[in-house]
Participant: 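This is the structure, below, for whatever I ask next.
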Amino acid sequence: MPICARAGSRAVRKISRFKAMKNKRVESAKEAVADIFDGASVMIGGFGRGGVPEVLIDAVCDHGVKDLTVISNNTGTRETGIARLLKAGCVKKMVCSFPLATESNVFRDLYNAHKVDLEVVPQGSLAERIRCGGAGIGGFLTPTAVGTELAKGKQTIELNGREYLLEVALRADFALVRAKQVDGRGNLTYRMAARNFNPVMATAADTVIVEAIEDVPVGDLDPECVITPGIYVTRYFVSGTYKSQM
Amino acid sequence: MGTATLEKAGLDREQMAKRLALELQDGWLVNLGIGMPTKCLPYVPPERDVLFHSENGIIGMGPPPADPADADNDLLSAGKSPVTLIPGGCFIHHADSFAISRGGRLDATILGAYQVAENGNLANWRLPNARTGSVGGAMDIAVGSKRVFAIMTHVTREGEAKVVNALSYPLTALRSVTKIFTDMAVIAVTADGLVLEEVAPGLTPDDVQAATEPKLTVSPSLKTIEV
């Protein structure tokens, strides 16, 4: 029957295409971070403890790299996340907006002992520098920080009677991203405010490594709700937990 | 003057938060900074629809969860305390969150302050003797918000004025503060200088002036803050 035959051929096309797809999943956090090298720059998503890929960070600690430049909003909460990396001696420099929260005791001690370098970037400029890095834009003009000590060494440009700073794009060798759901193509959704820097960082690194809570079959994610298209994702690891819950 | 008067007559932190909350108008989108500012949220009159923005990508931030067991690291305020999302609230990523603040979408922001100068210059991110500070989103939010409300004690613990002629603390944003809310007074920053609009109960304009560096113009409609 012609109708059935047509439907059949469509189904075959669908299956063969699906088979040709390379699944981006790896089975361990260790495998996921194995290519991170000494001296690499690494963007790490998260704000406070929300959306921090803590399982991947722990794997980087165990991997034992050194001299990393870490780009992230904070410097870790107590002994978790980036604080673990700092304590393990993996980090040469932090690029962040909020280095010294009450719970940043590990960073504070290292910074006071002059054992780690720091570049403080206003939070919005940090996010936009990363967005530009991912979007192929060299930099942008912002009124943020004009006249402050964080403008030191930066070019000022007057445009239409307002003064702006020239901020340059930021990219990294690696991005560690925390997602809620992932499929085999690497399409991502996020969980509430755990989204924060994650989708922006996912666009701005050569290698993008994802820690996701849940793996779903390709085709199950509502295409309207995918926040990060899988084209940005190099590989992913499924942690299978809501570790982020308090 | 100063601290001695303050102890018997100034507003406490809850009263300061309550006074500031009354400033937030129906239909506004308001960013809340870290610390004191978050205290204002529960005091917004219920008949006003005020939407709160948190820099970490929350539009429609609600109060802390009624049951502490509902606290979730994936839903925190800028100060990293557990919050909720109101019905119709949503999440955005960080670059979009700061596009909102720089792009002029915030009707107001409430920021803590170390010092505010006569011309509205704000200092709130680094202590003068510290090697570095945590700027967070303060610089981006202060430059982009239509109104910047600074909330702070009127004087330091040592009794020094925090409303000053010129900042001695590191600058956060030039000419940004529009109104100052302290335990002693409400002061508007205008093109003609500082205008004393309200005083705390039990204080006189002279008490406030004595604790303030720049000259204050007393508003013809001066009020006592209702507590």
Side-chain angles (χ1 to χ4, degrees), chain A residues 45-52 73-75 77 96-104 111-112 118 120-132 134 142-151 163 178 180 190-201 227-228 242-246, chain B residues 34 54-59 61 65 68-85 89-103 121-123 125-127 130-144 170-176:
Chain A
F47 182 92
R49 273 192 91 176
V52 179
N73 190 62
N74 303 94
T75 56
T77 303
C96 66
S97 89
F98 212 89
L100 295 172
T102 323
E103 63 274 14
S104 312
Y111 186 70
N112 288 342
L118 172 67
V120 175
V121 183
Q123 200 172 140
S125 296
L126 183 62
E128 193 63 16
R129 287 178 65 187
I130 298 167
R131 199 190 69 81
C132 284
T142 180
T144 301
V146 167
T148 74
E149 65 188 52
L150 298 186
E163 216 177 317
R178 164 100 176 162
K180 180 185 177 191
Y190 297 91
R191 187 168 176 269
M192 301 194 287
R195 186 181 301 192
N196 56 62
F197 277 92
N198 283 300
V200 196
M201 289 178 170
I227 305 294
T228 295
Y242 280 91
K243 201 186 171 193
S244 199
Q245 274 175 344
M246 291 173 145
Chain B
I34 295 173
S54 187
E55 64 188 18
N56 51 320
I58 308 173
I59 299 174
M61 179 170 66
D70 292 334
D72 190 318
N73 271 322
D74 290 347
L75 190 48
L76 302 177
S77 68
K80 327 292 191 296
S81 325
V83 290
T84 48
L85 189 74
C90 65
F91 301 107
I92 50 178
H93 67 57
H94 247 86
D96 282 350
S97 181
F98 280 90
I100 282 175
S101 70
R102 272 189 252 92
N121 282 1
L122 169 71
W125 78 279
R126 183 173 75 76
L127 293 166
R131 218 174 120 209
T132 189
S134 292
V135 69
M139 287 185 181
D140 311 90
I141 291 164
V143 296
L171 175 74
T172 299
L174 292 163
R175 289 175 289 281
S176 50

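Proteins come first, then strands; the chains are lettered A, B, ... in the order of their sequence lines, and each starts at number 1.
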Participant: Please name the pair of heavy atoms, one in A:Pro122 and one in B:Asp140, separated by the smallest distance, quoted to 0.1 Å.
Facilitator: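 The answer is CB-OD1, 3.5 Å.
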Participant: Is there a side-chain contact between B:Leu85 and A:Met192 in this structure, where contact means two heavy atoms from C-beta onward sitting under 4.5 Å apart?
Facilitator: no
Participant: Checking heavy atoms, do the side chain of A:Leu150, its backbone, both or neither come under 4.5 Å from chain B?
Facilitator: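 Only the side chain of A:Leu150 comes within 4.5 Å of chain B.
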Participant: Determine, for A:Arg191 against B:Asp72, whether the closest basic-nitrogen to carboxylate-oxygen distance falls under 4.0 angstrom.
Facilitator: yes
Participant: Name the option with the most non-hydrogen atom pairs under 4.5 Å to chain B; the candidates are A:Arg195, A:Arg129, A:Arg131.
Facilitator: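 Top count of heavy-atom pairs under 4.5 Å with chain B: A:Arg195.
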Participant: Heavy atoms only, distances under 4.5 angstrom: which of B:Gly136, B:Ala95, B:Gly57 has the most pairs with chain A? Name it, please.
Facilitator: B:Gly136
Participant: Give me the one residue out of A:Val121, A:Thr144, A:Val120, A:Leu126 that meets side chain to side chain contact (heavy atoms under 4.5 Å, CB included) with B:Val135.
Facilitator: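 Of the listed options, the one satisfying the test is A:Val120.
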Participant: Take the angle between the ring planes of B:His94 and A:Phe47 and call it parallel below 30°, perpendicular above 60°, tilted in between.
Facilitator: tilted
Participant: Under 4.5 Å from any heavy atom of chain A, what part of B:Ser77 do you find: side chain, backbone, both or neither?
Facilitator: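 For B:Ser77, backbone heavy atoms alone lie under 4.5 Å from chain A.
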Participant: Measure distances from B:Arg102 to the heavy atoms of chain A and classify the residue's part below 4.5 Å as side chain, backbone, both or neither.
Facilitator: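 Answer is side chain: those atoms of B:Arg102 sit under 4.5 Å from chain A.
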Participant: Looking at A:Val200, A:Leu118, A:Ile227, which makes the most heavy-atom pairs under 4.5 Å with chain B?
Facilitator: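 Maximum pair count with chain B is reached by A:Val200.
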Participant: Less than 4.5 Å to any heavy atom of chain A: does that hold for the side chain of B:Thr132, its backbone, both, or neither?
Facilitator: both
Participant: Checking B:Ser54 against chain A: side chain, backbone, both or neither under 4.5 Å from a heavy atom?
Facilitator: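 For B:Ser54, neither part sits under 4.5 Å from chain A.
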Participant: Using heavy-atom distances under 4.5 Å, tell me whether A:Pro99 contacts chain B through its side chain, its backbone, both, or neither.
Facilitator: both
Participant: Counting heavy-atom pairs closer than 4.5 Å to chain A, which one of B:Ser134, B:Ala130, B:Cys90 comes out on top?
Facilitator: B:Ser134
Participant: Do the ring centers of B:His93 and A:Tyr190 come within less than 6.0 Å of each other?
Facilitator: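 Here the rings of A:Tyr190 and B:His93 have centres that are no less than 6.0 Å from each other.
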Participant: Let me know if B:Ile92 has heavy atoms under 4.5 Å from chain A in its side chain, its backbone, both or neither.
Facilitator: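 The backbone, not the side chain.
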Participant: Where do B:Leu174 and A:Gly147 come nearest, in terms of heavy atoms and distance?
Facilitator: CD1-CA, 4.3 Å
Participant: Would you mind checking if A:Glu149 and B:Arg126 are paired as a salt bridge, meaning a charged N to carboxylate O distance below 4.0 Å?
Facilitator: yes
Participant: What part of A:Tyr111 gets closer than 4.5 Å to chain B, counting heavy atoms only: side chain, backbone, both or neither?
Facilitator: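 Contact with chain B involves both backbone and side-chain atoms of A:Tyr111.
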Participant: What part of A:Thr142 gets within 4.5 angstrom of chain B, counting heavy atoms only: side chain, backbone, both, or neither?
Facilitator: side chain
Participant: Between CZ of A:Phe98 and NZ of B:Lys80, what distance do you get to the nearest 0.5 Å?
Facilitator: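 It comes to 5.5 Å.
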Participant: Please identify each residue that fulfils side-chain hydrogen bond (donor to acceptor under 3.5 Å, both in side chains) with A:Asn74, with sequence neighbours left out.
Facilitator: none
Participant: Give, for atom CD of A:Gln123 and atom CZ of B:Phe98, the distance between the pair rounded to the nearest 0.5 Å.
Facilitator: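 Between A:Gln123 CD and B:Phe98 CZ, I get 3.5 Å after rounding to 0.5 Å.
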